[in-house]
Structure formats: structure tokens, C-alpha cells
Amino acid sequence: MFWEFYLRKDSESVYKILFNYFKSLSVLLNEDWLNPKSLLNKTTGYNAIMKLFKDVYTEGIDKGTLKYDFFFKRLEGLSSMNGTITSENYGASGFKASNELYTEMKKTLANMH
């Protein structure tokens, strides 16, 4: 997805896009962000939010924006999951748990969009 940036040797734009995405998640999911009990800080959570990134990135490209405001507004529905992203709710680890979390995030966003 970042191939064009790579060809242009534009790592600064890649950084900014990812920063905007992760910053919006850190605000919307502040109870889970950096919480050692949250799956967001484990491979399970990382895999789920990176799968979600691919979906949201594609929408942003279509709309012509990958700014913080776009990510924040598009992901705002995830705030209803704030504080619930734990192994008790989504399984401890592995591909299945990552997919369950990703699916729940997608469903939550679809219900809000």
C-alpha cells in the first residue's frame, strides 16, 4: 500500500499517515492504549488494528485525505470499545483472537457509519 511512497523515497509521508492513524486510536481507545492488560499492546491487538488500517487507508485514499481528522472521525465509533479490548473478551492470542477483534472493530464502525 505504501509502494508509491517507497518509489519516491518519501518515508516522511508514510510516518505521518501512520502517526495520524495511531494517534487517533490512542485518543479514542485511551483506556486500552499502553494498558498492559489490553490486547492492543500485544501482537493480537497490533494485527487487528493493522488489518483495520488497510481498510481505513483505502477509504482515505478514495476520499483524498489521510489526515488526523479523517482517521479520528472514521474511527470514532471504536470509542464504544474503550476499556474492553482484553483477552477475556477476545481470546488470549493467536490468529483467531486477532480476527475476532478485527471483526468486532469493523462491525462497530459499520454500525456507526
Any donor-acceptor pair under 3.5 Å linking the side chain of Ser80 with the backbone of Gly77? yes
So, do Thr84 and Met81 sit near enough that their side-chain heavy atoms are less than 4.5 Å apart? yes
4.5 Å side-chain heavy-atom contact, Ile17 and Lys67: no
Answer with yes or no after comparing the ring centroid distance for Tyr57 and Phe2 against a 6.0 Å cut-off, counting only values under it. yes
Please report the interatomic distance OG1(Thr43) to CZ(Phe95), rounded to the nearest 0.5 Å. 14.0 Å
How many angstroms lie between atom CZ of Phe70 and atom CD of Glu59, to the nearest 0.5 angstrom? 5.5 Å
Do Tyr102 and Asn47 have side chains that approach each other closer than 4.5 Å (heavy atoms only, starting at C-beta)? no
So, for Asp32 and Gly83, which heavy atoms are closest and what is the spacing to 0.1 Å? OD2-N, 2.6 Å
Contacts of type ring pair (Phe, Tyr, Trp, His ring centres under 6.0 Å), residue Phe22, not counting sequence neighbours: none
Closest approach of Thr44 and Gly94, non-hydrogen atoms and distance? OG1-N, 3.7 Å
Within this structure, what is the CG-CZ distance for the pair Leu66 and Phe19, rounded to the nearest 0.5 Å? 15.0 Å
Taking side-chain hydrogen bond (donor to acceptor under 3.5 Å, both in side chains) as the definition, give me every residue that meets it alongside Ser24, ordered by chain and number, with sequence neighbours left out. none
Minimum side-chain heavy-atom gap Phe53-Met1 below 4.5 Å: yes
For the CG atom of Leu52 and the CE atom of Met50, what is their distance to the nearest 0.5 Å? 10.0 Å
Is Phe72 reachable from Tyr15 through a run of I, L, V, M, F, W or Y residues, each pair having side-chain heavy atoms under 4.5 Å apart? no
Going by heavy atoms in the side chains, are Tyr6 and Val14 under 4.5 Å from each other? no
Using atom types as modelled and distance alone, determine if a side-chain donor or acceptor of Asn41 lies under 3.5 Å from a backbone N or O of Leu34. yes
Intermediate values then yes/no, side chain to side chain contact (heavy atoms under 4.5 Å, CB included), Asn35 and Leu40: CA-CA 8 Å; Asn35 179 343; Leu40 284 188; over 6 Å; no
Would you call Glu104-Lys107 a salt bridge at under 4.0 Å N-O? yes
Check ion pair Glu100-Lys96 (N to O, under 4.0 angstrom): yes
Could you tell me whether the side chain of Met105 reaches within less than 4.5 Å of the side chain of Ile49, counting heavy atoms only? yes
Option from Thr86, Ile85, Asn82, Leu29 for which side chain to side chain contact (heavy atoms under 4.5 Å, CB included) with Ser38 holds: Ile85
With distance as the sole test, does Asn30 use its side chain to make a donor-acceptor pair with the main-chain N or O of Ser26 at under 3.5 Å? no
What heavy-atom pair brings Leu109 and Arg74 nearest, and what distance separates the two atoms? CD2-O, 3.4 Å
Carefully, step by step, assess Phe5 and Arg8 under the rule side chain to side chain contact (heavy atoms under 4.5 Å, CB included). CA-CA 5 Å; Phe5 298 104; Arg8 292 193 313 259; 3.2 Å; yes
What's the separation between atom CG in Asn20 and atom CG in Asp69, rounded to the nearest 0.5 Å? 9.0 Å
Closest non-hydrogen atoms of Ala48 and Ser98, given as atom of the first, atom of the second and distance, are CB-O, 3.6 Å
Any donor-acceptor pair under 3.5 Å linking the side-chain atoms of Asn99 with those of Tyr90? no
Output the distance between atom CG (Asn111) and atom NZ (Lys106), rounded to the nearest 0.5 Å. 12.0 Å
Under 3.5 Å side-chain donor-acceptor pair for Asp10 and Ser13: yes
Any heavy-atom pair between the side chains of Tyr68 and Val27 that's under 4.5 Å? yes
